[in-house]
Amino acid sequence: MDIIFNNYVLQIVTMCCINIIIVLGLNLVSGITGQLSLGHSAFVSIGAFASTLFILKLGMPFWLALPAGALVSAISGFVLGVPILRLRGDYLAIVTLGFCEIIRVLFLNLRITRGALGISGIPHYTTPGIAVTLTIIAIIMMYNIENSRFGLALRSIREDEIASELMGINITRYKIIAFATGSLFAGVGGALYACQITYISPGDFGFMRSFEELCMLVLGGMGSIAGVIAGAVILTSIPEVLRFASEYRMIMYGIALIMIMVFRPQGLFGKIKVNM
Amino acid sequence: MAVLELTNLSIHFGGLKAVDDVTLAVEKKEIFSIIGPNGAGKTTVFNLITGIYQPTAGAVILDGADLAGKKPYERTRFGIARTFQNIRLFKQLTVTENLILAMHPLRNISLLASLLRFPQFFRERRDVTKKAESYLEYVNLLSAKNERAENLPYGKQRELEIVRAIATDAKLLLLDEPAAGMNPQETIQLMYFIKKIRNDMNKTILLIEHDMTLVMGISDRVAVLDYGRKITEGLPDEVRNDQKVIDAYLGKEVTYVKDY
Ligand SMILES: Nc1ncnc2c1ncn2[C@@H]1O[C@H](COP(=O)(O)OP(=O)(O)OP(=O)(O)O)[C@@H](O)[C@H]1O
Ligand SMILES: [Mg+2]
């Protein structure tokens, strides 16, 4: 009993860590830079499928497949970012949402990803130790990015794009780098996820997944690393603890979001407003 | 040689000629004012100079170089900085951060060094903070350095925006209605402040202003816009007594112009 219980707790801890890494990436794009993305899970799925294929088809070791998968995700973020980051607000949200669906349908129809069947039998490489270690590294990196010259420029873009550009900041370029970096974090999370669950299918990464990630961010507080951690941990573990209620997970998300919007719009730990 | 030249500058929004064939030259260390009734096209001229809008015709020339096709962020690096009619500070960032952002292109620190916190990261951060604080001292804002910009009183926000423009190291400052919302006493202080930065720092200043005390008090030359066209240009006294100007300001503002 004890062993089962511990295992179960460790699984939840691992999933919390994976979601923290993913939502840190979303926070960089939406919370720090102020660009609303509804397609973050597309980059999680790219990281998951790419690293899985690297492991299964190319026989890559995990320690190489994880950064390689994340890199594929970052490059996808860069390639998508170039045309779309000129768009603002709702337009950007709609295009990222569309991209998320395109990637899902693409993986659904590719032979190599085995369509709706998905890929099973992925080696279980993600240990709680690896997940926790990578999460700590991700948090430190994100903190350092936010407090760098680059991170300050990103925050100025969130505050006022025109004023930011008139400080001599090439805002399009910075947005694209932020988007690619956010995708890199999503890709790391995706690779860890694939090697934790050992089975992935395109259906795991649709729009609803993006929405869940955004809920974690909004609940915890946009632009706040502590908020990301809190949001990811709360919304990952509550459905696990209240297993019987898992059918109602989306309803819970909805209620949590409404409560936050009404009582604490900046999120549990947030200190800023983000207008998008 | 003129620091800034506008040659036959025009921009049309559909049928509206917001700026229509404007030519003017601003000399080094000059305080040059643009005045005119509401909607005359003054702010639009600033948007053309800073590259936010592209002209329909004509050119913006800085130190002899045509700026056509240059992006706003490139123009900042060439030495143009501005303030806005509706203050545009980075509201949720601190006063110091606002100034450090102005120095963005001047800072020399790699992302890698910041990520891994190399010693030069700390050194550069200390240096740039010190420099920001020296600007704040210049405008008596040092005590508010860790405040969020949005928490400053209105007049202080205007000053911070001006000093942020200065901190870009620009040689040409464009100030869009800096006295808007200030009381007469604050306006007089602002007048001395603008003169001071011109003299202390060798800046060339292009000023948009409705407050005639300020315009007549500090301008070397004044140009008047009306319906996008430059109707006259000259010394403050010449412009004040120009019949075309008085006609342009018809009604409520005509007395205003005469009074000062
Ligand atoms: N992007 C735009 N699209 C359409 N019309 C515009 C645009 N920008 C400015 N205009 C119009 O151009 C004219 C000049 O506007 P501008 O803001 O330059 O006036 P202004 O002289 O600064 O006036 P004020 O003293 O009220 O600030 C106005 O009629 C304005 O509505
Ligand atoms: Mg104006």
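None of these values were measured; they are calculated from a predicted model. Note: hydrogens, waters and symmetry copies are ignored here, and every other heavy atom, side chains too, is used. All chains are named by letter (A, B, ...) in the order of the sequence lines, taking the proteins before the strands, and each is independently numbered beginning at 1.
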For [X], is it the side chain, the backbone, both or neither that has a heavy atom under 4.5 Å from a heavy atom of chain A?
{"X": "B:Phe84", "answer": "side chain"}
{"X": "B:Arg82", "answer": "side chain"}
{"X": "B:Arg75", "answer": "neither"}
{"X": "B:Ala81", "answer": "neither"}

*Between the main-chain N or O of B:Leu111 and the side-chain N or O of A:Ser148, is there a donor-acceptor pair closer than 3.5 Å?*
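Judged by distance alone, no pair lies under 3.5 Å.
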
Any chance [atom1] of [X] has more than 12 other-residue heavy atoms, nucleotides or ligands included, within less than 6.0 Å?
{"X": "A:Phe62", "atom1": "CZ", "value": "yes"}
{"X": "B:Asn108", "atom1": "CG", "value": "no"}
{"X": "A:Arg86", "atom1": "CZ", "value": "no"}
{"X": "A:Tyr91", "atom1": "OH", "value": "no"}
{"X": "B:Phe13", "atom1": "CZ", "value": "yes"}

*Do the two ring centres, one from B:His104 and one from A:Tyr174, sit under 6.0 Å apart?*
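B:His104 vs A:Tyr174: aromatic centres under 6.0 Å.
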
*Of the non-hydrogen atoms in A:Leu166 and B:Pro72, which two are nearest, and what is the gap between them?*
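In this case the closest contact between A:Leu166 and B:Pro72 is CD2-CB, 3.8 Å.
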
*Does the side-chain contact (heavy atoms from CB on, under 4.5 Å) test come out yes or no for A:Asn170 and B:Tyr73, once each step is laid out?*
CA-CA 6 Å; A:Asn170 183 345; B:Tyr73 71 86; 3.0 Å; yes

If you count heavy-atom pairs within less than 4.5 Å of chain A, which of [options] leads?
{"options": "B:Met103, B:Glu97, B:Lys91", "value": "B:Glu97"}
{"options": "B:Thr168, B:Leu106, B:Leu101", "value": "B:Leu101"}
{"options": "B:Arg117, B:Arg77, B:Arg164, B:Glu161", "value": "B:Arg117"}

*asked:* side-chain contact (heavy atoms from CB on, under 4.5 Å), that's the test. Do A:Ile272 and B:Arg148 meet it? Break it down for me.
replied: CA-CA 11 Å; A:Ile272 51 147; B:Arg148 276 190 188 197; 3.8 Å; yes

*Ion pair present between A:Glu159 and B:Arg88, side-chain N to carboxylate O less than 4.0 angstrom?*
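So A:Glu159 does not pair with B:Arg88 through a salt bridge.
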
_side-chain contact (heavy atoms from CB on, under 4.5 Å) assessment of A:Met167 paired with B:Phe90_ = CA-CA 11 Å; A:Met167 296 297 109; B:Phe90 304 115; 3.8 Å; yes

*OH of A:Tyr143 to CG of B:Leu115: how many Å apart, nearest 0.5 Å?*
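The OH atom of A:Tyr143 sits 13.5 Å away from the CG atom of B:Leu115.
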
*Start with the C-alpha gap between B:Leu116 and A:Met141, add the side-chain angles, then the distance that decides, and say whether side-chain contact (heavy atoms from CB on, under 4.5 Å) holds.*
CA-CA 8 Å; B:Leu116 302 179; A:Met141 286 297 125; 4.2 Å; yes

